[in-house]
> 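Quick one: the structure is below, and I'll ask about it shortly.
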Amino acid sequence: MPRLVVVSNRVGIPDGGTRAGGLEVAIRPALKRRGGVWFGWSGKITDEEPGKARTTLVENVSYVTVDMLRDDHEEFYNGFANRVLWPILHYRLDLAEFSRRDLGGYFRVNEYFARNLENLLRPDDVVWVHDYHLIPLARALRDRGHKNKIGFFIHIPCPPPEILTALPNHERLIPALGAYDVIGLQTETDAGNICRYFESECHVRRVEDGAFDFDGRHVRVGVFPVGVETEALARLARRAIETAFVREVLDSLSGRAMIIGVDRLDYSKGIPERLNAFESFLTHFPDWRGKVTYLQITPRSRTGIPEYADIGRVVGETAGRINGKFGEASWTPLRYINKAHSRTALAGLYRAARVGLVTPLRDGMNLVAKEYVAAQNADDPGVLILSRFAGAAQECVAALLVNPFDPEAVGAAINRALGMPLAERRERHAHNFRVLVKNDLTHWAERFLSALEGRPAPAPVQYVPRVASGH
Ligand code: F6P
């Protein structure tokens, strides 16, 4: 089998840390299974010309990383990637802060990655590039003469062309995707959107369903919903609920039901809207007051970006207001914490929570939703409340699907979830779990790499409609 080279901005060098962005969570096990190279940024910012790439070999994976110049990091990561692409791809034109300087930094870092990859790549390597930081990387590699198979997977949403075309210089950036062999997206909607963009803006010919001819290059667009290690997580959660940490949390609840939310502190996650929904729940269903505790774990993220400081302020203030309004000396309705937790701690907390509250305003997939399902006790499972605007809603159709912009409806869903009879909880959980076992992380990586390497595709993704009555 050809060597696999994964490229992404972040590289998850195993160090026992608690960083848990979706991308690292997904790539690490997929790469470990096959072995290969993972190339990207070391996480270090430097004021001097960065030295040579460093390699750390752990088992069958070489982690190759480079430092980043302060200006490059500012313009590429804090600037174009996270103040322009991130909001626009999450349908938030109102938050995009475009500058030509940042766009220049974005292309410069892609060139820098391509230059470093040049010393690394062998002619028969298969290259798998991840996420919105690296849209033009294949073009930069092709310009240097690399003919490798190169695939691109975007972990976040892709909006319709009507929104994409509001991105200044989109015509310089998005058509660069035509230098990949396979472009993978999370959902049919995302894939449909990029196909429509290719047809209307690039005027390329659709040669067959989901494939385009970019100046003689056959470019395939496919749907590859990223999964979790469903069965391994279920096993981990069974053990984790017995740990001293989870026992201590459960003891501290004094028998109250727990609702859990786990998100990076990001405006796309809909945290203020969710807190308002919790407030609506306490207002309209007062019998639950004093009987339920909502734990919201929200590690800070992208702290160098003003919009992230803003959302941090809003969430902190809203949490304080709700606790001030409803709290008692003996009961704090909402526990809001910014500390990151280990995978084991989270698995145990998910299993202990009666309700998993996952209500992003827009999300490529949302692996927390899938992890919550995987972690449940099948005999007595909790209920997932899931935003219809998360990619995970395409598969977890037996969750209580909600509109995160409607706090009263989400508040009512919390009430419904807490009071749901055991038989219905079991039926909903079993449905979602079955789908997530079939569409797990191995399946995701296998399907993508088979498409890229031209091998016969494994079984298609399972989208199983729920037949039972009710939403
Ligand atoms: O889900 C999108 C994503 O960019 C992932 O790639 C990453 O794991 C996560 O968000 C965290 O983002 P950052 O690398 O900016 O901390």
Side-chain angles (χ1 to χ4, degrees), residues 2-9 11 36-41 49-53 64-69 71-73 75-77 79-81 84-85 89 100-154 158 164 167-185 194 197-198 201-205 207 211-221 448-449 451-454:
R3 187 174 74 152
L4 174 62
V5 176
V6 167
V7 187
S8 61
N9 178 49
V11 177
V37 177
W38 190 348
F39 174 84
W41 177 41
E49 213 35 58
K52 282 228 223 60
V64 184
T65 57
V66 286
D67 299 344
M68 207 179 286
L69 273 174
D71 283 353
D72 284 355
H73 180 259
E75 294 169 19
F76 160 78
Y77 178 81
F80 193 73
V84 181
L85 284 178
L89 295 179
R100 235 165 245 286
R101 197 179 69 123
D102 291 347
L103 180 66
Y106 181 82
F107 278 104
R108 202 165 59 243
V109 170
N110 272 272
E111 285 291 325
Y112 172 54
F113 271 34
R115 253 194 334 272
N116 275 279
L117 277 164
E118 207 154 21
N119 307 325
L120 199 85
L121 281 187
R122 302 176 192 151
D124 59 346
D125 283 345
V126 166
V127 185
W128 191 5
V129 179
H130 290 262
D131 235 356
Y132 59 102
H133 313 87
L134 300 174
I135 292 171
L137 186 66
R139 166 74 28 243
L141 289 170
R142 302 281 181 226
D143 289 348
R144 289 175 156 72
H146 295 283
K147 299 201 162 34
N148 305 57
K149 291 212 178 299
I150 312 180
F152 179 71
F153 184 77
I154 179 147
C158 178
L164 271 182
L167 167 69
N169 291 87
H170 67 90
E171 53 285 82
R172 202 178 140 200
L173 181 66
I174 309 294
L177 286 170
Y180 288 98
D181 296 295
V182 173
I183 302 167
L185 298 106
I194 199 65
Y197 178 95
F198 286 159
E201 299 298 317
C202 307
H203 308 291
V204 284
R205 202 163 54 87
V207 280
F212 293 86
D213 182 344
F214 272 85
D215 295 332
R217 168 178 301 286
H218 188 84
V219 180
R220 217 189 115 188
V221 175
F448 188 93
L449 291 171
L452 184 57
E453 294 173 321

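Please read all numbers here as calculations on a predicted model, not as lab measurements.
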> Taking all non-hydrogen atoms of both residues, which atom of Tyr112 and which atom of Asp67 are closest, and how far apart?
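Of all heavy-atom pairs spanning Tyr112 and Asp67, the closest is OH-O, 2.6 Å.
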> How close do Leu173 and Ile135 get, counting heavy atoms only, and between which atoms?
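Between these two residues, the closest heavy atoms are O-CG2, 3.7 Å.
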> Step by step, would you call Lys149 with Asp181 a salt bridge (charged side-chain N to carboxylate O under 4.0 Å, His left out)?
CA-CA 6 Å; Lys149 291 212 178 299; Asp181 296 295; 5.6 Å; no
> What closest approach, in Å, do Gly178 and Arg217 show between heavy atoms, and which atom pair accounts for it?
O-CD, 2.8 Å
> Give the minimum heavy-atom separation between Tyr132 and Ile154, together with the two atoms involved.
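Distance-wise, the nearest heavy atoms are CB-CD1, 4.2 Å.
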> Could you check whether the rings of Phe448 and Phe153 sit parallel, tilted or perpendicular, using 30° and 60° as the cut-offs?
perpendicular
> Please check this pair: side chain of Asn9 against backbone of Gly40, looking for a donor-acceptor N/O pair closer than 3.5 Å.
no
> If you measure from CD1 on Ile150 to CG on Leu452, what distance do you get to the nearest 0.5 Å?
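Taking CD1 in Ile150 and CG in Leu452, the distance rounds to 9.0 Å.
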> For Arg172, give me all partners under side-chain contact (heavy atoms from CB on, under 4.5 Å), at least two apart in sequence or on another chain.
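Arg172 satisfies side-chain contact (heavy atoms from CB on, under 4.5 Å) with Leu103, Phe107, Asn169 once adjacent residues are dropped.
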> Carefully, step by step, assess Asp124 and Arg3 under the rule side-chain contact (heavy atoms from CB on, under 4.5 Å).
CA-CA 7 Å; Asp124 59 346; Arg3 187 174 74 152; 6.0 Å; no
> If you define the side chain from C-beta out and look only at heavy atoms, does anything of Leu137 sit under 4.5 Å from Leu117?
yes
> Between the side chain of Arg139 and the main-chain N/O of Ala176, is any donor-acceptor distance below 3.5 Å?
no
> In Å, rounded to the nearest 0.5 Å, how long is the span from CD of Glu75 to CE of Met68?
11.5 Å
> Treating Asn148 as the side-chain partner and Asp125 as the backbone partner, does any N or O pair qualify as donor plus acceptor under 3.5 Å?
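Yes: the side chain of Asn148 pairs with the backbone of Asp125.
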> What I'd like to find out is whether the side chain of Val64 reaches to under 4.5 Å of the side chain of Asn116, using heavy atoms alone.
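No - every pair of side-chain heavy atoms lies 4.5 Å or more apart.
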> Would you call the rings of His73 and Trp41 parallel, tilted or perpendicular, taking 30° and 60° as the class edges?
tilted
> With distance as the sole test, does Tyr106 use its side chain to make a donor-acceptor pair with the main-chain N or O of His133 at under 3.5 Å?
yes
> Looking only at heavy atoms, which two atoms of Phe113 and Ser8 are closest? And how far apart?
CE2-O, 3.9 Å
> Got Tyr197 and Pro175 here, is their nearest side-chain heavy-atom distance under 4.5 Å?
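SC-SC contact between Tyr197 and Pro175 confirmed.
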> Classify the ring geometry of Tyr180 against Phe152: parallel below 30°, tilted from 30° to 60°, perpendicular beyond 60°.
tilted
